[in-house]
Protein chains: 2
Amino acid sequence: MASIKDVASRAGVSTATVSRALNNHPAVAPDTRTRVLEAADTLGYHPNGVARSLRTNRTRTLGLVISDVLNPFFTELARAVEDEARALGYSVIIGNADEQPDLQDHHIRTLVGRRIDGLLVSPADGEAPVLRETARAGRTPMVFVDRSIPGLDVPVVRTDGTGAVRDLVDHLHRIGHRRLAVIGGPAATTTGAERVDAFRHALARYGLPLPDEYIGHGDFQVGSGRRITEGFLDLEQPPQAVFAADNLMALGAMDAIRERGLRVPQDIALAAFDDIPWFLHTAPPLTAIAQPTGDLGRAAVRALVDRIEGRPARSVTLTATLVVRRSCGATERSSR
Amino acid sequence: MASIKDVASRAGVSTATVSRALNNHPAVAPDTRTRVLEAADTLGYHPNGVARSLRTNRTRTLGLVISDVLNPFFTELARAVEDEARALGYSVIIGNADEQPDLQDHHIRTLVGRRIDGLLVSPADGEAPVLRETARAGRTPMVFVDRSIPGLDVPVVRTDGTGAVRDLVDHLHRIGHRRLAVIGGPAATTTGAERVDAFRHALARYGLPLPDEYIGHGDFQVGSGRRITEGFLDLEQPPQAVFAADNLMALGAMDAIRERGLRVPQDIALAAFDDIPWFLHTAPPLTAIAQPTGDLGRAAVRALVDRIEGRPARSVTLTATLVVRRSCGATERSSR
DNA sequence: CTGAAAGCGCTTACAG
DNA sequence: CTGAAAGCGCTTACAG
């Protein structure tokens, strides 16, 4: 591949001048610039970003480590992150941790080795020594998005779903449901714990308990949603409504319910955290708590780039909202 | 950040020895190796991958340019690509072209600038000078996945859906549908054209025509599926069945059908190319043509790595299969 | 406005 | 088994 030297000799200037011309440095004579550009063009020259990065100590690349690309919430998040990053002049490398802490650590190690300028992480459950160490060392600017690890000095950009969960419980209560169950995420993920807590507190406002057998410990993936829902249905007193802490576990719940020949909402009500386009077309359309996912991703990138470029980065909390559809029953005709 | 020099001086050896010790070069005395590893460890040394890449002229990185990350088919493809790449020791950088040829070209330029070792592309519709030039120059090993650009000397890893489309038409015909319409992709994408052609040929086997007004020219995105379906429904003789050439356009079709207060399959049958988990839970569950998406992604990576490592790369064609659900009507009770 | 030179952090052929 | 040295392709402070 043509290098800067080739361009320099063809244009009859030094490599320093080629570099300046190509980087729009002001101190380059107009016709020198023209000659350089022509030479670069005829040689099909593409500057070597690796060499530039080594020299400038910047890669103009962001790392994004998420727990599951196949989860539509994270897909949308990743897309927003990439869009905003591109707008700010950065590329992004995505690492998919698949909810496995060691895969997450593997990605972080690789990304740091590549000298990305900054790191966006939505931490998975479990021990993640590399993540902790990277955050603690503070050499790579980092921002948590969606989920966080308490106790680390890292800004977090997240959504607060407390109000929306309260709205959901109001909705369920109004319909007449009293036995409410939740499929939570891994306890060690902040979102996993928060959503269950919010649910419990919302129930308490009606004097309703959240017994242990109505709390499922899922992992944000389809299989756990299914398994936990089967457990609920096997109970002597199955719940009247199930709230899944993410969309994949809701999908698993639908699988389980359908396999038993039961119907939503006639036999059991269902709602999910995270809204996705398909929920409009499920049978029935699913009531869900919608995060402003695009805003979340963009805010995270801005916070990270602020850190990278030496500005102070603030944590950001956005607000989720309840989207009522038909999966919890109709409000009009009281309970069933 | 600690560099190889720091490790060298702490271990009392040269940087050459540090490099060898860290890269498991055989010619390093055991205790020297130990001393180096200890030094690296206490300094929290992470080798600078940028410098290494500059020196070795390899980045151990693959580029993947796809047309739409939000399309579950591509999400799954990307995931498989990343898994296989990791298994072979490569990272992957994803570029989302959003079905825009210039965004696609932007990503290719960026990736080539980063000196990725190889490029996997699912080309978008339209003029893509950078893509063509990159393929023609042949400096960056390239493999097309899913879609291709005819006339370029680039291996392609794809799925053949001809048989599955024939099965679909058999299925529709058996149910009694005779007026069959198709929502195609952009004519310039190979998959866009192939799926429509396969459909047309399958109809011909029954002596059924595929009139122009039953051919929609979509762009693989939700909006076009909706718009085209509305057009179909506005026809004097609306089709009895609609085949959408990807899952997002099928989603758009469902939107349009629902808005008119019509039902699938009673009022109109619907089937899609690409099967996704949600199709099990739509109202009704959607009949779809399933690609072996994971295999596709993995085969593409292997073909690309073959090229990168100097082995000959072969094109690969996998086979799609029809998954019958309920969105075309029941075969048992003849037609409606 | 331009160039010579240093240097970013590695790897590796060469010599011993 | 180990080290000195060159060099990958850039950018940039310095000098003119």
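Labels below follow one simple rule: chain letters A, B, ... track the order of the sequence lines, proteins then strands, and each chain is numbered from 1. As the structure is a prediction and not an experimental result, all values here were calculated from the model.
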Spell out protein contact along nucleotides 9-16 of chain D as letters: B when the base is contacted, S when just the sugar-phosphate is, - when no protein heavy atom is under 4.0 Å; keep the 5' to 3' order. BBBBB---
Dot-bracket for DNA chain C: what is it, with Watson-Crick or G-U pairs under 3.5 Å, [ ] where a pair crosses earlier ones, and | for a pair to another strand? |||.||||||||.|||
Taking everything shown except A:Glu309 itself, do over 12 heavy atoms lie less than 6.0 Å from its CD? yes
Test side chain to side chain contact (heavy atoms under 4.5 Å, CB included) applied to A:Val301 and A:Leu296, A:Leu88, A:Asp306, the passing residue: A:Leu88
Counting distance only, does the side-chain N/O of B:Arg147 pair as donor-acceptor with the main-chain N or O of B:Thr191 below 3.5 Å? no
Exercise: identify the closest heavy-atom pair between A:Val143 and A:Val154: CA-CG1, 3.8 Å
Is the closest side-chain heavy-atom distance between B:Arg302 and B:Val157 below 4.5 Å? no
Start with the C-alpha gap between A:Arg20 and A:Thr32, add the side-chain angles, then the distance that decides, and say whether side chain to side chain donor-acceptor pair (under 3.5 Å) holds. CA-CA 10 Å; A:Arg20 291 197 194 94; A:Thr32 309; over 6 Å; no
Donor-acceptor under 3.5 Å (B:Asn96 side chain, B:Val69 main chain): yes
Pick base, sugar-phosphate or nothing for B:Thr32, based on heavy-atom distances below 4.0 Å to the nucleic acid. sugar-phosphate
Same-atom distance (C1') from D:dG16 to D:dT12, integer angstrom: 16 Å
Counting only heavy atoms from other residues, nucleotides and ligands, does the tally under 6.0 Å from CZ of B:Arg311 exceed 12? yes
